[in-house]
Amino acid sequence: MNKIQKKAFMRVAVVVFLAVISAVILFSDRQPPLLDVLGGLGFMWLLFIPALIDLPPFIPFCKKGKIIVDERDARIVQRATAQAFGAFWYVFPIPCMGLYLFVNAYRTEGVGMISSSVLTLIAGGGVILVTLVQSVSIIAQYRKGDGDGDK
Amino acid sequence: MNRIQKMAWWMAIWISAGTILAAIAVAVLFFVIGMPWPIARAGLGFLGIAGFGGLGSLIFKKDKGKVTCDERDRLINNRAAVAGFGSAYMVAGVLCMLPFFVLGPAATISVTWLPDIFMAAGLTAFFVHSVAILAQYGWRAKDNE
């Protein structure tokens, strides 16, 4: 398993871990208000940490001086990134236009209003979706390929 | 200049024209005439002009019987698409976070922000895609026929 695959697995693990934490909070006996739980999803911003520090402190990667990314790896990452952004563009209009239509349909007077926190949830959801799709796509492409991705 | 470059120029010009006209219209309606914002923002309708950019594929038709697209063209197009989508993703993220940080978490904003964010992100995607294609080929390079 190469560095790219390890990073992909790490990201999927972080997303799943945080999703489980959110689900546990949501269905716990305390039953906090829904908005507080959604605010708890702010933990998802932790996803940026592996991206920022590039993981070396946590996982022993390839030895220095070796070629760690070749043409095929670059193509896999590029294809996964394109698929992730593509998925984002399929999903992004749903909250944008859906909320617009929903809020306007049920408003009593004037212009429909939403909390600014809702927008942060849309942005956060976008980050999670892109990260997840990109990581899963990378893992799937290496699985489907001829080699196991080792360098 | 090949077909992809011509289409990229076409797209970039129409998006630029729409954006500039919309900015002028909104500025005139809001600052010069003094209309309230909900009415002045109607000037954003000029962004519709950007839609003419989509006619590029009909205007610049494929040459029949010729190989019009090779590996390099596909690579350039893929890279430009990722750049376009990436930029739009960033714009969408920034515009979603902006009200939260500027107005605060307790603030409420008009729901019309949402389609505006979607439109801004879409225009960014197409514009950056076009500019990235032109930049990769070289703005005026003649050897890409």
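We name chains A, B, ... by the order of the sequence lines, and we start the count at 1 in each one.
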Chemist: Over 60° means perpendicular and under 30° means parallel, so tell me whether Trp37(B) and Phe30(B) are parallel, tilted or perpendicular.
Modeler: perpendicular

Chemist: Can you hop from Ile39(B) to Leu29(B) via hydrophobic side chains spaced under 4.5 Å?
Modeler: yes

Chemist: Can you tell me how the ring of Phe60(B) sits relative to the ring of Trp10(B), calling it parallel under 30°, perpendicular over 60° and tilted otherwise?
Modeler: perpendicular

Chemist: For chain A, find which of Ala92(B), Pro99(B), Gly84(B), Pro115(B) contributes the most heavy-atom pairs closer than 4.5 angstrom.
Modeler: Pro115(B)

Chemist: Any idea which heavy atoms bring Phe127(B) and Ala12(B) closest together, and the distance?
Modeler: CE1-O, 3.8 Å

Chemist: According to a hydrophobic-cluster definition based on side-chain heavy atoms being under 4.5 Å apart (Ile, Leu, Val, Met, Phe, Trp, Tyr only), do Val131(B) and Ile49(B) belong together?
Modeler: no

Chemist: Taking a hydrophobic cluster as the set of Ile, Leu, Val, Met, Phe, Trp and Tyr residues connected by side-chain heavy atoms closer than 4.5 Å, whether directly or through intermediates, do Phe85(A) and Val91(B) fall within one such cluster?
Modeler: yes

Chemist: Name the option with the most non-hydrogen atom pairs under 4.5 Å to chain A; the candidates are Ser110(B), Ala125(B), Gly104(B), Gly122(B).
Modeler: Ser110(B)

Chemist: Tell me which of these, Ile117(B), Val111(B), Val94(B), has more heavy-atom pairs under 4.5 Å with chain A than the rest.
Modeler: Val111(B)

Chemist: Report the option among Ala81(B), Ala106(B), Gly86(B), Gly93(B) that has the most heavy-atom pairs separated by less than 4.5 Å from atoms of chain A.
Modeler: Gly86(B)

Chemist: Chain B heavy atoms under 4.5 Å from Tyr100(A): which part of the residue, side chain, backbone, both or neither?
Modeler: both

Chemist: With only heavy atoms counted, which part of Leu103(B) is less than 4.5 Å from chain A, the side chain, the backbone, both or neither?
Modeler: neither

Chemist: Out of Met97(A), Arg75(A), Gln78(A), return the one with the most heavy atom pairs under 4.5 angstrom to chain B.
Modeler: Gln78(A)

